[in-house]
Structures are given as C-alpha cells and as structure tokens.
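Some notes on the structure that comes next.
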Amino acid sequence: MTSTEGRRADREDTIAGGIALRVAAAGLFSVMAALLKLATTHGVVAPELVFWRALFGLPVVVVWALTTQGGIASLKAQRPGVHVFRCVLGISALTCNFQALSMLALADATTIGFTAPIFATLLSGLILKEAVGRHRWAAVLIGFVGVAVVLHGGSGPHVGPSLVGVAVGLVGALGTAGVTVTLRQLKDTEQVAAIVFWFFVASIGVGAVLLPFFGSWHGPAVMAMLAGGGVAGGLAQICMTASLRQAPVAVIAPFDYLQIVGAVLFGWWLLSTTPTMNTLAGAALIAASGLYTVWRERVRHKERMIQSTSAPV
C-alpha cells in the first residue's frame with residue numbers, strides 16, 4: 001500500500017468513526033427524550049426536567065472534560081459575559097423544548113425541534129449578515145411547509161398535535177437556533193468543555209431556584225427515569241462533540257435525523273403512541289429541508305476552495 005492509499009484509508013476510518021459517534025449521539029438523545037417524556041407522564045414538569053437533566057448529566061461532562069479535554073484548565077471561561085447570554089438563551093430554549101415535550105407526542109415534539117436549523121438560517125442572515133441565497137430560502141420554505149403539514153393533523157383517533165404545544169416547541173427551536181448563532185461567536189475563544197460545563201452548571205442553578213415553586217417529590221421509578229435521561233444526555237453531548245473532530249459537519253449532520261426514527265420507535269414502545277401520517281410527512285419535509293441546507297453548504301464550501309486555489313498570487 002502506498003503512502004497516499006494509507007492516508008486515504010486512515011481518513012475513511014476517521015470519517016467512519018465520526019459517523020458512528022453521530023449515530024450513537026442520535027440514539028442517546030432519543031433515549032434521553034423518551035425517558036424524560038415518560039417522566040412527564042408521572043407529573044414531572046419542565047423546570048424539573050431542566051434541573052435533573054443537568055444534575056445527572058454534569059458528572060459525565062466533568063469526567064469527560066478532565067480526562068480528555070485538558071483537565072481543569074479546559075473549564076475556564078474566557079468570555080464570561082457571552083457565556084451568561086448563551087446560558088440564559090439556552091436554558092429558556094431548553095425549558096420551552098421540555099414544555100413542548102410534555103404537551104406533545106414524542107414524535108411531534110422531536111419533529112418540531114428539528115426546525116431549529118431553519119431558524120438558524122434566518123438568524124444567520126439577520127444577525128451575522130451571512131448571505132442567504134435562493135437555495136437556502138427554498139430550504140426554509142420547505143421546512144415551514146413541513147410544520148404546516150404536522151399542524152394539519154387528522155381526525156378521529158389520530159388528532160393533530162396541540163397548537164399551544166407546537167407554538168412552545170417553535171419558540172424553543174428559535175431559541176436553540178439563537179444558541180447556535182451564539183456558539184459561532186464563542187468557538188474561537190472558548191473550549192467546548194467550558195461551553196458545555198457552564199451551561200450544565202447554570203441549568204442546575206436556575207432549576208434549583210425554580211424547584212421550590214414547580215417541583216414535587218417523585219418516587220424511585222421516576223427518579224430513575226430522570227437519572228437515565230440526564231446520563232444519556234451527557235453522553236450524547238460528548239458523542240456529538242467528538243464526532244465533529246473526526247468528520248466534516250456535512251457528512252455527519254444528516255445522521256441527526258435518526259432522532260426522529262428513535263422518537264417514533266420509543267413512542268410506540270414506551271408510550272403506546274403511533275405518529276399520524278401528517279407527522280411523518282411533515283417530518284420528511286423538515287428533514288429534507290435540513291439535508292438540502294447541509295448539501296448546499298457543502299457545495300458552497302467546495303466552490304470557495306476552488307476559487308481560493310485558482311486565485312492569482
């Protein structure tokens with residue numbers, strides 16, 4: 001084997017590893033959502049989910065940061081003010097997402113959550129002044145058509161989702177998109193471990209303040225659901241972050257949509273719910289919107305690379 005063939009094989013192995021990590025992240029996020037949704041059927045409310053998810057997930061994040069990310073130094077915040085803004089926005093979005101999870105079927109809540117990339121496209125144009133061409137606008141339109149299809153629902157035993165629940169989910173997705181834009185501003189100065197660690201710490205702090213007003217006592221079975229959801233969420237965060245180091249975003253991002261498949265399966269298995277045809281059709285359109293955006297970004301990246309290499313020196 002030549003050196004070029006060896007490098008190509010190593011790169012293929014690395015990309016395969018990145019895909020495997022992203023698939024694992026999608027599976028773990030699906031487990032987290034299913035367990036937390038199951039907890040809401042036993043009276044757990046959104047502020048409690050914010051607190052317990054962070055409390056049980058933080059040890060996983062700390063061990064990961066201390067053992068693989070450079071130790072305690074990796075947790076230092078270089079720009080505390082931006083972290084505070086990110087945490088406020090992120091916790092607000094997370095609370096809305098969990099509230100939607102408690103109000104909607106698991107598949108519906110997961111599907112609505114995947115409108116975040118659509119909002120991220122809009123915000124990148126408004127806030128970051130990025131050029132949003134006709135291809136990305138077309139993807140945005142397709143995504144919102146998908147939302148409309150989900151909202152249309154059905155009749156009889158397969159009624160449509162709660163309009164209030166969908167509205168709350170869309171607000172949560174908008175907040176998630178805002179977090180995405182904020183993270184672009186943090187990535188040049190902050191380590192990933194610090195971003196994740198301080199978000200979990202802030203979530204625990206805010207949740208602890210809200211618990212006396214919204215919390216209640218839960219039995220061992222429910223606490224086990226919350227613990228499992230928190231640990232799964234922490235592990236999912238690590239797998240998702242690690243996948244970005246081994247493969248390009250354009251390659252691995254499509255595997256995020258496996259979460260919709262996971263939501264359908266867990267909803268059927270744990271909650272005895274089946275998605276409506278409108279939910280499945282809407283999910284397909286929203287996924288198509290996201291996948292088209294990813295593909296378009298890959299094309300634009302290649303075009304920029306060609307232009308940079310062909311430019312006169």
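Being a predicted model, the structure only gives us computed values, none of them experimental.
- For the residue pair Thr95 / Ser92, no side-chain donor-acceptor distance below 3.5 Å is found, with atom types taken as modelled.
- Contact annotation: the side chain of Val45 never approaches that of Phe98 to less than 4.5 Å [non-hydrogen atoms, C-beta and beyond].
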Under 3.5 Å, which donor-acceptor pairs link side chains of residues 70-83 to any protein atom two or more places apart or in another chain?
{"residue": "Ser74", "atom": "OG", "partner": "Gly71", "partner atom": "O", "Å": "2.6"}
{"residue": "Arg79", "atom": "NH1", "partner": "Gln185", "partner atom": "O", "Å": "2.7"}
{"residue": "His83", "atom": "NE2", "partner": "Glu190", "partner atom": "OE1", "Å": "2.8"}

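- For the pair Ser289 (side chain) and Ala139 (backbone), a donor-acceptor distance under 3.5 Å is present.
- Under a 3.5 Å cut-off, the side chain of Thr110 and the backbone N or O of Ala107 do not form any donor-acceptor pair.
- At least one side-chain heavy atom of Phe85 sits less than 4.5 Å from a side-chain heavy atom of Thr182.
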Please list every donor-acceptor pair under 3.5 Å in which a side-chain atom of residues 206-226 meets a protein atom from a residue at least two apart or in another chain.
{"residue": "Ser216", "atom": "OG", "partner": "His218", "partner atom": "NE2", "Å": "3.4"}
{"residue": "His218", "atom": "NE2", "partner": "Glu48", "partner atom": "OE1", "Å": "3.4"}
{"residue": "His218", "atom": "NE2", "partner": "Glu48", "partner atom": "OE2", "Å": "2.8"}
{"residue": "His218", "atom": "NE2", "partner": "Ser216", "partner atom": "O", "Å": "3.3"}

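- Checking each of Val149, Val150, Leu151 against Val147 for a side chain to side chain contact (heavy atoms under 4.5 Å, CB included) leaves exactly one that passes, namely Leu151.
- Within the model, atoms CD1 of Ile142 and CD1 of Ile118 stand 9.5 Å from one another, a figure rounded to the nearest 0.5 Å.
- Note on residues 253-280: pairs passing ring pair (Phe, Tyr, Trp, His ring centres under 6.0 Å), not counting sequence neighbours, are Phe114-Tyr257.
- The shortest heavy-atom contact between Val179 and Leu89 is N-CD2, 3.6 Å.
- Note on Ile260: it clusters hydrophobically with Ile286, by side-chain heavy-atom contacts below 4.5 Å among ILVMFWY residues.
- Remark: Thr176 pairs with Asn97 by the side-chain hydrogen bond (donor to acceptor under 3.5 Å, both in side chains) rule, at least two apart or across chains.
- A pairwise comparison of heavy atoms in Ala100 and Gly165 identifies CB-O, 3.7 Å as the closest pair.
- Note: Ile112 CD1 to Thr279 OG1 = 8.5 Å, rounded to the nearest 0.5 Å.
- For the ring pair (Phe, Tyr, Trp, His ring centres under 6.0 Å) condition, the pairs that include at least one residue of residues 48-82, sequence neighbours left out, are Trp52-Phe56.
- The shortest distance between side-chain heavy atoms of Leu101 and Leu106 falls below 4.5 Å.
- Residues satisfying the side-chain hydrogen bond (donor to acceptor under 3.5 Å, both in side chains) criterion with Thr111, sequence neighbours excluded, are absent altogether.
- At least one side-chain heavy atom of Leu38 sits less than 4.5 Å from a side-chain heavy atom of Thr41.
- Both Leu170 and Val140 sit in one connected hydrophobic cluster of ILVMFWY residues. Membership requires side-chain heavy atoms under 4.5 Å apart, directly or through other members.
- Following chains of ILVMFWY side-chain contacts shorter than 4.5 Å, one can reach Leu49 starting from Val231, so the two form part of one hydrophobic cluster.
- Rounding to the nearest 0.5 Å places CE of Met103 at 11.0 Å from SG of Cys96.
- In plain terms, the two heavy atoms of Ala236 and Leu28 that are nearest each other are CB-CB, 3.6 Å.
- Applying the ring-ring contact (aromatic ring centres under 6.0 Å, His included) rule to Phe119 yields the partners Phe144; only residues at least two apart in sequence or on another chain are considered.
- Among all heavy-atom pairs drawn from Ala232 and Val31, the shortest one is CB-CG1, 4.1 Å.
- Nearest heavy-atom pair across Ala193 and Ala65 is CB-CB, 3.9 Å.
- Clustering of Ile, Leu, Val, Met, Phe, Trp and Tyr side chains at separations under 4.5 Å leaves Leu21 isolated, with no partner residue.
- Within the 4.5 Å cutoff, side-chain heavy atoms of Phe199 are placed close to those of Leu94.
- Other residues, nucleotides and ligands contribute only 12 or fewer heavy atoms inside 6.0 Å of the CG atom of Leu163.
- Legend: residues meeting side chain to side chain contact (heavy atoms under 4.5 Å, CB included) with Leu280, ordered by chain and number and at least two apart, are Val264, Pro275, Met277.
- For Gln69, the side-chain hydrogen bond (donor to acceptor under 3.5 Å, both in side chains) criterion is met by Arg245, not counting sequence neighbours.
- Grouping the Ile, Leu, Val, Met, Phe, Trp and Tyr side chains by contacts below 4.5 angstrom, directly or via other members, places Ile204 with Val62.
- With side-chain heavy atoms closer than 4.5 Å counting as contact, directly or through intermediates, the hydrophobic cluster containing Val84 also holds Val88.
- A salt bridge (charged side-chain N to carboxylate O under 4.0 Å, His left out) check over residues 255-284, counting only residues at least two apart or in different chains, returns the pairs Arg22-Asp256.
- When all heavy atoms of Ala177 and Ala116 are compared, the pair lying nearest together is CB-O, 3.4 Å.
- Val23 and Ile238 sit in two unconnected hydrophobic clusters of ILVMFWY residues. Membership requires side-chain heavy atoms under 4.5 Å apart, directly or through other members.
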